[in-house]
Amino acid sequence: MLERAIESWLTNTNERNFQFPLTQVLIRKGHRPLYISAHRPMEQGKDIITQDERGDYHALQLKTGNIDIGSFRRMRPEIVELIELPIVHPSIDRSKRHTPYLVTNGNLSDEARIQIDLMNHDNERRGYPALQVIEGPRLLAEFLEAQGNFLPTGLRDVRIFLELFGADGKELPDKTKYFAFLNGALFHEIPPQASDKRNLILASVILMSYLTNSLQQAGNHYGLFEAWTCLAACLVRFSRRAGLERHQVAGSLDLVKAAIVEHLVDLRNEVMGRTNFLEGDTRGDGSNVYRARTTMILGVLSLLEMYRMSNEDNYTGDQRVWDFIFRNGDSTWFWGESAWPFFYWLIRLIERVSTEYGHILLESLLGALAIANRSGSRNAFASPYISVTDILESVMRLADEPLDLGSFSGQSFVLESAVAMFARRGQRQILEKHWRGVSHIRFRDFQPDPEYEFFNWRSSSGIQITKVPPPTQSWQSLVQEANASEAPAICEEFLDILPFAAMVAPHRMRPGVVRLFDRSF
Amino acid sequence: MLPDFPSLKRKLVRAIDRYLRSRVRNQSLIGLIQHEVLFEGDRLLVSRPEGQQVHEIEEHASEEYTIPQEELIRRGPAALFEVVQRMAEDLQREQSRTLLEAMREATEAAGQVVKGRPFDFDVFMEAMDKIDIEFDENGEPHTIYAVLHPDAAKQIPSWEANAEYNARYEELIGRKRLEWDARESNRKLVD
């Protein structure tokens with residue numbers, strides 16, 4: 001049954017969506033990916049470039065659907081580039097030839113096949129390599145083989161797989177279900193053999209491509225970002241449980257990270273072309289729904305900018321994106337503490353342009369929390385465990401049971417981080433102004449145990465921490481504590497995944513994590 | 001299997017759950033206490049300036065309730081609702097008992113207990129003197145809840161009618177207001 005689902009996915013998907021699982025298949029065969037296309041023009045007809053274990057290079061061009069003589073003639077210039085132009089890449093020895101591949105999830109017509117044979121015959125005479133062809137059936141076989149024994153077989157796991165596979169792609173992903181499936185069906189048992197552990201990881205990346213089928217079909221870039229981040233988090237957790245070192249999972253993790261960034265870039269590209277952020281059925285849109293969407297978009301775009309500036313040598317930021325963010329900043333909404341990661345990255349990006357304006361935004365957040373979450377309040381900001389969807393349902397009176405916002409009063413999972421941020425920035429006057437209100441609120445936090453459970457959606461084991469701030473607080477001590485606040489070692493080790501993981505699981509945006517972000521980005 | 005209506009039953013079970021929770025919270029001491037859902041973890045750590053304590057999160061106590069099959073067949077959900085009423089009363093009683101026990105331990109540890117004398121206005125005032133009272137921005141005290149034995153509670157109307165008792169009570173509240181003011185003034189950042 002699952003093979004049919006996978007076949008259905010492969011038949012209906014496009015080259016952008018089978019690019020990552022195909023790369024994973026190549027990794028499994030011992031290839032080292034050197035380049036994966038972001039599908040910009042002028043990429044010399046090469047979507048994936050790899051080097052195999054013998055040191056030979058391979059360049060693949062991916063296409064969607066059946067290729068007949070007409071479509072082959074139209075793509076011929078790209079094919080010529082694929083075959084004849086040497087690979088231009090810093091890691092590549094230009095004197096060495098590469099093997100070119102045309103890969104499609106469809107089939108070649110006989111006429112197209114004859115054209116390729118004639119072309120190969122001519123290229124052989126001219127000293128160029130023969131074009132290899134991989135069609136849909138072989139691609140499917142490769143995926144199924146790479147999947148190995150790691151397709152879920154238990155009824156419950158198959159049911160969750162099919163629910164995820166067939167879910168409404170326009171909805172936000174059900175993260176609880178994604179984590180439950182990945183950690184429960186796939187990563188629950190740790191294979192004893194190192195090779196099986198590796199193959200399981202490889203299989204998970206391929207499996208993720210099928211699972212996110214409905215999100216791909218809907219063009220739900222944000223949903224795809226969340227789904228792939230769920231996988232990244234589960235991979236980190238599994239690697240630790242299985243006793244694997246970072247370098248042993250680096251290939252797959254880098255691939256997943258590339259998918260995450262690619263989907264955020266896709267979201268950015270779509271957003272930049274919009275005049276407004278209305279989406280889908282406009283009945284029910286607008287107001288808080290619109291503001292929530294705006295906040296999510298601006299938050300992840302800010303994260304993408306900060307991430308790229310930190311990780312890409314030549315990237316200094318995109319002014320168009322920054323202007324766009326600042327133009328739309330008034331339409332944001334702090335719906336509850338699960339909005340914190342979006343606001344954190346927005347504040348960080350704004351600080352790069354205007355420290356003062358960044359502090360104004362952070363102070364307004366701190367002040368709002370100190371007032372709304374005071375003891376006895378019936379309208380406190382809900383904890384980060386409450387999603388934006390739950391809050392919208394409650395606010396719009398559509399929930400089966402409205403949220404009791406009073407149950408969140410007297411405490412905050414965010415306030416300690418906001419206080420520490422001001423302490424690290426030397427903003428004593430701001431904190432003095434708000435200290436009386438802040439000191440009435442208990443700082444909340446959760447420390448998962450063991451450490452790798454940080455990358456789990458929920459951890460049954462761990463400490464729920466309540467810290468009562470002292471009424472009279474030494475500024476020196478506050479600054480010291482703010483600079484000493486530690487994140488688990490696993491967070492530092494996987495810092496490249498952490499910002500995405502904390503965005504998707506806002507209850508993991510702990511004070512120590514925020515300090516790590518402040519220090520590292 | 002026979003034809004069934006699982007989604008209908010799930011709605012009913014959810015409604016019963018909501019009813020139980022509202023019964024317990026609205027009609028007992030428990031309703032005065034703020035509730036919070038803990039989504040993960042198995043331990044609680046409370047850190048105050050004076051020190052910290054770790055508590056294990058205890059498993060809920062369980063109780064068994066039965067409905068005779070014939071009763072269920074004949075009366076259906078009505079039979080279930082009767083059991084739910086008993087469950088709510090038992091739950092209220094158990095949670096109130098647990099809360100009072102916890103309060104007793106906490107107040108003993110904090111030295112806020114007046115012992116060894118019959119309950120009267122003087123004992124009441126002595127107990128009030130041992131606690132911190134919070135006030136709002138208008139200087140009005142937050143509502144104070146006293147848990148009293150019914151016999152002790154019968155005295156309250158006579159205290160309210162006693163001018164001297166009222167004066168003493170107002171004096172206490174005035175003193176507590178000054179204490180609160182001092183505490184609030186100490187909420188600041190210092191070097």
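Both backbone and side-chain heavy atoms feed into the values below; hydrogens, waters and symmetry mates do not. Predicted, not measured: the structure shown is a model, and the values here were computed from it. To find a chain, count down the sequence lines: A is the first, B the second, and so on, and within it residues start at 1.
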K.L.:
Atom CZ of residue position B/Arg75 - does it have more than 12 heavy atoms of other residues, nucleotides or ligands inside 6.0 Å?
P.N.:
yes

K.L.:
Do you know which of B/His142, B/Gln52, B/Arg43 has the most heavy-atom pairs under 4.5 Å to chain A?
P.N.:
B/Arg43

K.L.:
Taking atom CD of B/Glu50 as the centre, report whether more than 12 heavy atoms of other residues, nucleotides or ligands fall under 6.0 Å from it.
P.N.:
yes

K.L.:
Which bit of A/Ser460 is near chain B, if near means a heavy-atom gap under 4.5 Å: side chain, backbone, both or neither?
P.N.:
backbone

K.L.:
Quick one: what part of A/Ser375 sits under 4.5 Å from any heavy atom of chain B, side chain, backbone, both or neither?
P.N.:
neither

K.L.:
Between A/Arg444 and chain B, with a heavy-atom cut-off of 4.5 Å, which part of the residue counts as in contact: side chain, backbone, both or neither?
P.N.:
side chain

K.L.:
Of the backbone (N, CA, C, O) and the side chain (C-beta and beyond), which part of A/Asp449 lies under 4.5 Å from a heavy atom of chain B, both, or neither?
P.N.:
side chain

K.L.:
Only pairs of heavy atoms separated by less than 4.5 Å count here; which of A/Pro469, A/Ser474, A/Pro470 has the most with chain B?
P.N.:
A/Ser474

K.L.:
Return the minimal non-hydrogen interatomic distance between A/Trp457 and B/Glu40, and the atom names on each side.
P.N.:
O-OE1, 4.1 Å

K.L.:
More than 12 non-hydrogen atoms from neighbouring residues, nucleotides or ligands closer than 6.0 Å to CZ on B/Arg48, yes or no?
P.N.:
no

K.L.:
For chain B, which candidate among A/Gly462, A/Pro448, A/Ser459 shows the most heavy-atom pairs at distances under 4.5 Å?
P.N.:
A/Gly462

K.L.:
Within this structure, what is the CD-CZ distance for the pair A/Gln473 and B/Arg187, rounded to the nearest 0.5 Å?
P.N.:
12.0 Å

K.L.:
If you tally heavy-atom pairs under 4.5 Å against chain B, which of A/His440, A/Glu432, A/His434 wins?
P.N.:
A/His440

K.L.:
In Å and rounded to the nearest 0.5 Å, what is the CG to CD1 distance from B/Leu44 to A/Ile463?
P.N.:
9.5 Å

K.L.:
Using side chain to side chain donor-acceptor pair (under 3.5 Å) as the criterion, point out the one residue from B/Arg21, B/Arg14, B/Arg18 that pairs with A/Glu401.
P.N.:
B/Arg21

K.L.:
Take atom CG in A/Leu398; do more than 12 heavy atoms of anything else shown fall under 6.0 Å from it?
P.N.:
yes

K.L.:
With a 6.0 Å cut-off (strictly less than), is the heavy-atom count around CZ of A/Arg378, excluding the residue itself, greater than 12?
P.N.:
no

K.L.:
Would you say B/Gln53 has more than 12 foreign heavy atoms packed within less than 6.0 Å of its CD?
P.N.:
no

K.L.:
What part of A/Phe408 is in contact with chain B, defined as an atom under 4.5 angstrom from a non-hydrogen atom: side chain, backbone, both or neither?
P.N.:
backbone

K.L.:
Give the minimum heavy-atom separation between A/Arg428 and B/Val190, together with the two atoms involved.
P.N.:
NH2-C, 3.6 Å

K.L.:
So which part of B/Glu134 gets closer than 4.5 Å to some heavy atom of chain A, the side chain, the backbone, both or neither?
P.N.:
side chain

K.L.:
Roughly how far, to the nearest 0.5 Å, is the OG1 atom of A/Thr472 from the CG atom of B/Asn186?
P.N.:
4.0 Å

K.L.:
Should the heavy atoms of other residues, nucleotides or ligands under 6.0 Å from NZ of B/Lys11 be counted, would the total exceed 12?
P.N.:
no

K.L.:
Show your reasoning for whether side chain to side chain contact (heavy atoms under 4.5 Å, CB included) applies to B/Phe39 and A/Ile386.
P.N.:
CA-CA 10 Å; B/Phe39 289 89; A/Ile386 309 299; 3.7 Å; yes

K.L.:
Around atom NZ of A/Lys175, are there more than 12 heavy atoms of other residues, nucleotides or ligands at under 6.0 Å?
P.N.:
yes

K.L.:
Looking at A/Ser409, A/Gly406, A/Gly376, which one has more heavy-atom pairs under 4.5 Å with chain B than the rest?
P.N.:
A/Ser409

K.L.:
Looking just at side-chain N and O atoms, do B/His55 and A/Gln464 make a donor-acceptor pair shorter than 3.5 Å?
P.N.:
no

K.L.:
Between atom OG of A/Ser383 and atom CD of B/Glu36, what is the distance when rounded to the nearest 0.5 Å?
P.N.:
7.0 Å

K.L.:
Does any N or O in the side chain of B/Gln34 come within less than 3.5 Å of the main-chain N or O of A/Ser407, such that one atom is a donor and the other an acceptor?
P.N.:
yes

K.L.:
Restricting to non-hydrogen atoms, name the atom on B/Pro49 and the atom on A/Val468 that form the minimum distance, rounded to 0.1 Å.
P.N.:
CD-O, 3.5 Å

K.L.:
Counting only heavy atoms closer than 4.5 Å, note whether A/Gln447 contacts chain B via side chain, backbone, both or neither.
P.N.:
neither

K.L.:
In Å and rounded to the nearest 0.5 Å, what is the CD to CG distance from A/Gln429 to B/Leu189?
P.N.:
10.5 Å

K.L.:
Which region of A/His507, side chain (C-beta onward) or backbone (N, CA, C, O), has a non-hydrogen atom less than 4.5 Å from a non-hydrogen atom of chain B, or is it both or neither?
P.N.:
side chain

